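Okay, structure first, notes after.
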Amino acid sequence: MGFIGESVESVKSIQFRQALSQAVNLGLIVTSALIIWKALICITGSESPVVVVLSGSMEPGFKRGDILFLHMSKDPVRAGEIVVFNIDGRDIPIVHRVIKVHEQQDTGEVNFLTKGDNNKEDDRMLYAQGQRWLQRHHVMGRAIGFLPYVGWMTIIMTEKPIIKYIVIGALGLLVITSKD
């Protein structure tokens with residue numbers, strides 16, 4: 001009998017108590033992950049404390065697939081800092097460097113302009129129609145660290161959803177057939 005046949009037999013032999021125990025364990029794992037995520041949000045002050053670099057616009061500093069750790073502080077944004085920001089009307093955040101900071105004399109509001117390190121021009125073409133500067137509310141956080149290449153699994157599962165379903169199915173089968 002092959003692997004699939006053995007797995008089917010294993011699933012058939014599961015007792016109700018064992019199945020309930022495995023379901024509770026799976027629930028605990030998911031709940032723990034959510035608690036850790038919410039704790040990171042509180043600690044970092046960022047709505048998304050971890051992001052994956054999705055393009056090559058920040059090379060050579062950050063490559064596609066790198067994971068960035070973000071922190072949002074009350075300090076003013078300065079030229080040279082790497083920020084992750086959202087544009088009105090777009091779902092995917094952008095990771096770029098602040099190249100210019102502009103303070104409006106009458107209101108004291110600080111606006112800034114960004115650019116990808118690997119891009120020839122600034123980001124004004126990415127901003128919403130008629131928008132020339134970013135404001136603080138656009139910023140999700142500032143990059144404080146990174147792990148190279150660790151985010152590739154996220155990119156692969158986003159670009160090829162079938163792989164996501166295969167991985168989830170395999171993990172589910174592993175949980176169901178586990179004897180512990």
Side-chain angles (χ1 to χ4, degrees), residues 27-161 163-164 167-168 171:
L28 286 172
I29 291 168
V30 170
T31 302
S32 297
L34 290 173
I35 289 171
I36 290 169
W37 183 255
K38 289 296 184 181
L40 282 173
I41 289 172
C42 292
I43 291 167
T44 63
S46 174
E47 64 189 74
S48 182
V50 178
V51 295
V52 176
V53 178
L54 299 175
S55 75
S57 66
M58 284 301 291
E59 288 184 4
F62 299 121
K63 294 180 176 37
R64 189 167 193 247
D66 290 354
I67 287 185
L68 296 182
F69 300 101
L70 305 181
H71 185 267
M72 191 65 185
S73 67
K74 302 288 183 199
D75 297 334
V77 176
R78 295 185 189 97
E81 288 185 316
I82 296 170
V83 296
V84 177
F85 59 92
N86 274 327
I87 299 295
D88 299 331
R90 292 189 182 209
D91 295 334
I92 299 173
I94 300 170
V95 179
H96 280 175
R97 187 179 306 275
V98 175
I99 59 169
K100 195 179 289 185
V101 177
H102 173 71
E103 183 175 349
Q104 294 182 356
Q105 298 299 330
D106 52 345
T107 63
E109 184 176 294
V110 177
N111 300 324
F112 44 92
L113 181 63
T114 57
K115 176 185 172 295
D117 290 353
N118 201 24
N119 295 348
K120 294 192 185 324
E121 296 184 21
D122 62 41
D123 290 341
R124 286 189 172 140
M125 64 183 175
L126 297 175
Y127 299 164
Q129 185 73 24
Q131 183 179 0
R132 299 192 45 79
W133 300 89
L134 290 177
Q135 288 83 38
R136 186 167 181 87
H137 72 272
H138 292 110
V139 177
M140 295 172 56
R142 302 169 194 197
I144 58 169
F146 77 103
L147 283 173
Y149 308 114
V150 179
W152 266 106
M153 193 61 176
T154 301
I155 292 173
I156 290 169
M157 287 193 297
T158 302
E159 291 179 355
K160 303 201 182 311
I163 293 176
K164 176 176 24 181
V167 168
I168 291 171
L171 290 174

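Below, each value reflects all heavy atoms present in this structure, side chains not excepted, and no hydrogens, waters or symmetry copies. Along the sequence shown, residues carry numbers from 1. This structure is a prediction, so every number in the text was calculated from the model and none was measured.
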* Asked: Are any of the side-chain heavy atoms of Phe85 and Met140 separated by less than 4.5 Å?
  -> no
* Asked: To the nearest 0.5 Å, what is the distance between CD1 (Ile43) and CD1 (Ile41)?
  -> 10.5 Å
* Asked: Is there a side-chain contact between Leu54 and Ile155 (heavy atoms, below 4.5 Å)?
  -> yes
* Do other residues, nucleotides or ligands put more than 12 heavy atoms under 6.0 Å from Ile92 CD1? -> no
* Structure fact -> In short, salt bridge (Lys or Arg N to Asp or Glu O under 4.0 Å) pairs touching residues 78-99 with sequence neighbours left out are Glu81-Arg142, Arg97-Asp117
* **Step-by-step salt bridge (Lys or Arg N to Asp or Glu O under 4.0 Å) determination, Glu47 to Lys38** => CA-CA 9 Å; Glu47 64 189 74; Lys38 289 296 184 181; over 6 Å; no
* Would you say the side chain of Thr44 lies within less than 4.5 Å of the side chain of Met72, judging by non-hydrogen atoms? -> no
* To do: Show the numbers, then the answer: is there a side chain to side chain contact (heavy atoms under 4.5 Å, CB included) between Gln131 and His138?
  => CA-CA 12 Å; Gln131 183 179 0; His138 292 110; 3.2 Å; yes
* **Partner residues of Pro148 under the side-chain contact (heavy atoms from CB on, under 4.5 Å) criterion, sequence neighbours left out** => Asp66, Phe146
* side-chain hydrogen bond (donor to acceptor under 3.5 Å, both in side chains) partners for Gln129, two or more places apart -> none
* To do: Determine the minimum heavy-atom distance between Val98 and Val101, stating which atoms define it.
  => CG1-CG2, 3.9 Å
* Qualifying ring pair (Phe, Tyr, Trp, His ring centres under 6.0 Å) pairs with a residue from residues 27-61, counting only residues at least two apart or across chains -> none
* **Glu103 with Arg136: basic N within carboxylate O range, under 4.0 Å** => no
* To do: State, to 0.1 Å, how close Pro93 and Asn86 come at their nearest heavy-atom pair, and which atoms those are.
  => CA-OD1, 3.4 Å
* Can you list the steps and then say if Val139 with Leu134 is a side chain to side chain contact (heavy atoms under 4.5 Å, CB included)? -> CA-CA 8 Å; Val139 177; Leu134 290 177; 5.6 Å; no
* Structure fact -> Heavy atoms of Pro49 and Leu40 approach each other most closely as CG-CB, 3.6 Å
* **pair Leu147-Phe69: side-chain heavy atoms closer than 4.5 Å** => yes
* Backbone of Gly56 reached by a side-chain donor or acceptor of Asn118 within 3.5 Å -> yes
* **Pairwise side-chain contact, Val51 with Ile67, heavy-atom cut-off 4.5 Å (strictly under)** => no
* Establish, from distance only, whether the side-chain atoms of Asp123 and Thr114 form a donor-acceptor pair under 3.5 Å. => yes
* Let me see the working for Val110 and Val77 under side chain to side chain contact (heavy atoms under 4.5 Å, CB included), right down to the final yes or no. => CA-CA 8 Å; Val110 177; Val77 176; 5.8 Å; no
* **Minimum heavy-atom distance Ile99-Ala79, with the two atoms named** => O-CB, 4.1 Å
* Asked: Under 3.5 Å, is there a donor-acceptor pair between the Ser48 and Ser46 side chains?
  -> no
* Asked: What pair of heavy atoms forms the shortest contact from Tyr149 to Lys63, and how long is it?
  -> OH-CD, 3.6 Å
* Asked: Yes or no on side chain to side chain contact (heavy atoms under 4.5 Å, CB included) for Ile87 and Ile94, after CA distance, side-chain angles and deciding distance?
  -> CA-CA 8 Å; Ile87 299 295; Ile94 300 170; 4.1 Å; yes
* **Counterpart residues, side-chain contact (heavy atoms from CB on, under 4.5 Å), relative to Ile168 (two or more places apart)** => Lys164
* **More than 12 heavy atoms from other groups under 6.0 Å of CD on Glu121** => no
* **Any pair counted as ring pair (Phe, Tyr, Trp, His ring centres under 6.0 Å), so long as it reaches residues 86-132, sequence neighbours left out** => His102-Trp133
* To do: Please round to the nearest 0.5 Å and tell me the distance separating atom OG of Ser55 and atom CG of Asn119.
  => 7.5 Å
